[in-house]
There are 2 protein chains.
Amino acid sequence: MSPNKSPKRLVVEPEPIAKIGRAEHTRAEILDAAFKFLWSRPFRDMTVNALMATIPQSRTAFYMYFDDIHGLMAALLKKLESEILKGASPWLCDDGDPVALLYESLAAEAQFGYQCGPFIKAVSDAAATNAGLEDQWNTLLDRFDDAVSERIAADQELGLIEAFDPRPVATALNQFDAAKYVRKFGHRPRSRLQPVADAIARVWISTLYGHQWTTGRTSELYRKQVPGSH
Amino acid sequence: MSPNKSPKRLVVEPEPIAKIGRAEHTRAEILDAAFKFLWSRPFRDMTVNALMATIPQSRTAFYMYFDDIHGLMAALLKKLESEILKGASPWLCDDGDPVALLYESLAAEAQFGYQCGPFIKAVSDAAATNAGLEDQWNTLLDRFDDAVSERIAADQELGLIEAFDPRPVATALNQFDAAKYVRKFGHRPRSRLQPVADAIARVWISTLYGHQWTTGRTSELYRKQVPGSH
DNA sequence: ACTAAAGTATGACACGATGTCACCAAATAA
DNA sequence: TTATTTGGTGACATCGTGTCATACTTTAGT
């Protein structure tokens with residue numbers, strides 16, 4: 001029953017009440033409560049009722065800060081967005097060995113997915129029950145598709161990746177990631193991080209750069225394969 | 001407002017009342033009403049109330065046949081499953097040019113996705129709000145992953161596809177399809193079928209068999225690319 | 001310090017959806 | 001015809017929602 005071991009903070013812990021406005025404080029308190037709630041229970045159980053029961057405020061206080069439970073999720077998702085984009089992948093920006101960078105990026109992303117697993121699932125569940133949130137979520141996913149497409153195109157220019165329309169491939173890969181995180185890290189106990197990260201890296205690298213790169217980078221999964229250069 | 005042009009029947013039209021039992025008839029009537037409902041309105045709007053308002057029966061009659069709205073979806077999904085598996089892909093079973101067969105299979109699948117778009121979206125939405133349904137849906141998706149994995153493995157034996165662990169790739173591809181259908185055909189007006197089918201085919205074929213196969217098969221999308229072998 | 005205004009929080013309420021139950025009606029069998 | 005089974009219903013208790021009038025708290029003005 002105890003909400004064991006909270007995740008790395010996504011939401012600011014409500015700060016000492018004196019320093020910031022009372023309203024600000026309450027709002028943060030609600031957001032924080034929501035994040036904690038979703039850590040241990042599915043989105044469908046998070047009614048305004050149930051959520052506000054976890055903090056001293058009255059249920060109606062909720063409506064001072066959010067339109068409804070989906071409005072709350074939208075606010076939470078906004079925080080997630082900045083978090084995500086902050087750790088923006090080295091692969092997307094840096095120069096250097098593309099395969100190595102990609103591997104790094106995906107590892108970092110998987111790490112993040114692991115940390116926020118149940119919350120990510122909550123967002124994708126919530127998106128299914130609300131049009132506005134669905135848009136917001138899709139927009140975020142699209143941004144990923146854009147970034148990845150661009151990077152693919154760049155490497156195609158350099159001849160590192162074969163020529164093909166980058167977008168559908170980018171979409172497929174991103175969707176794959178998101179679905180994997182939701183399914184592997186969305187429920188507790190979460191699956192172990194490493195195998196999931198490996199599987200994802202293998203699919204990306206072999207899809208984009210070819211199978212010969214995957215060996216020896218992924219930690220366990222497909223050790224048998226291929227030595228040669230290409 | 002008029003629920004224009006109903007989809008290809010997934011659910012049996014309630015048959016003449018005399019022949020089959022009254023109960024059977026009512027149950028079919030409800031299932032049919034639900035399918036029609038979902039054709040024009042999202043799952044989240046389908047309350048027992050709203051649904052039963054579309055047929056002469058009283059609201060409480062619903063509970064004679066289903067536990068709740070998710071029970072209804074489960075029943076509907078079961079019908080969908082048989083439909084899907086009936087048209088089971090030639091690529092998965094037949095012999096012959098694998099690329100051609102795959103193209104055919106995907107086209108048929110896309111066609112089906114197009115026909116049931118809003119309903120498929122409804123199922124995936126409903127799965128997000130109910131644990132049992134989520135399992136049922138995931139199981140169905142897994143079955144696809146299995147089938148595709150097997151076929152990939154078979155073609156790897158024949159040297160038609162490079163050696164790699166088939167499962168994560170199969171999963172990625174299937175997830176890609178499902179997400180595309182939901183997003184492109186899940187709302188009305190639905191996107192046009194052809195471009196979606198092309199995009200999907202291109203991703204599958206180039207991922208599995210290599211890029212040299214995609215030209216000339218896809219109807220419009222990427223005519224510019226690649227003549228040569230690679 | 002006192003008061004007014006603004007900001008914040010709450011209980012009570014009306015509404016709509018749910019699922020159950022005791023009861024009614026229709027079909028069938030005796 | 002009556003008795004029994006099967007199918008269907010209205011009324012009800014419960015729960016979640018969102019709003020509103022009201023009350024409490026803080027801040028600013030004098």
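Proteins get letters first, then strands, A, B, ... in listed order; numbering begins at 1 in each. Keep in mind that what you see is a predicted model, and the values were worked out from it rather than measured.
Ranking C:dA9, D:dG18, D:dG10 by closeness to the A:S58 side chain, first place goes to C:dA9.
The aromatic ring centroids of B:F119 and B:F35 lie less than 6.0 Å from each other.
B:D32 and B:K36 are joined by a salt bridge, as a carboxylate oxygen and a charged side-chain nitrogen come within less than 4.0 angstrom of each other. Checked for salt-bridge contact, B:D142 and A:R183 meet the test: a charged N lies under 4.0 Å from a carboxylate O.
Across the protein-nucleic acid pair, A:N49 atom CG and D:dC15 atom P stand 10 Å apart, rounded to whole Å. Across the protein-nucleic acid pair, A:M64 atom CE and C:dG11 atom C1' stand 15 Å apart, rounded to whole Å. Here C:dA17 presents its P atom at 14 Å from CZ of B:F62, a figure rounded to the nearest Å. The distance from atom CG of B:L72 to atom P of C:dT18 is 12 Å, rounded to the nearest whole Å. The distance between atom CZ of A:F43 and atom C1' of D:dG16, rounded to the nearest whole Å, is 14 Å. When rounded to the nearest whole Å, the span between CZ of A:R59 and P of C:dA12 equals 12 Å. One interatomic measurement links the two molecules: CD1 of A:I30 to P of C:dT10, which rounds to 10 Å at whole-angstrom precision. Rounded to whole angstrom, the span from the CD atom of B:Q57 across to the P atom of C:dC24 amounts to 20 Å.
At a threshold of 4.0 angstrom between heavy atoms, the contacts of B:T60 include nucleobase atoms, whether or not backbone atoms are also involved.
Between C:dA9 and A:T26, a contact under 4.0 Å exists linking OP1 or OP2 to a side-chain N or O. B:Y65 has a side-chain polar atom (N or O) that falls below the 4.0 Å cut-off from OP1 or OP2 of D:dG8.
Residue side chain B:R27 does not reach the base of D:dG7 through any donor-acceptor N/O pair under 3.5 Å, judged by distance alone.
Ring pair B:F43/B:H70 is tilted by interplanar angle, where 30° to 60° counts as tilted.
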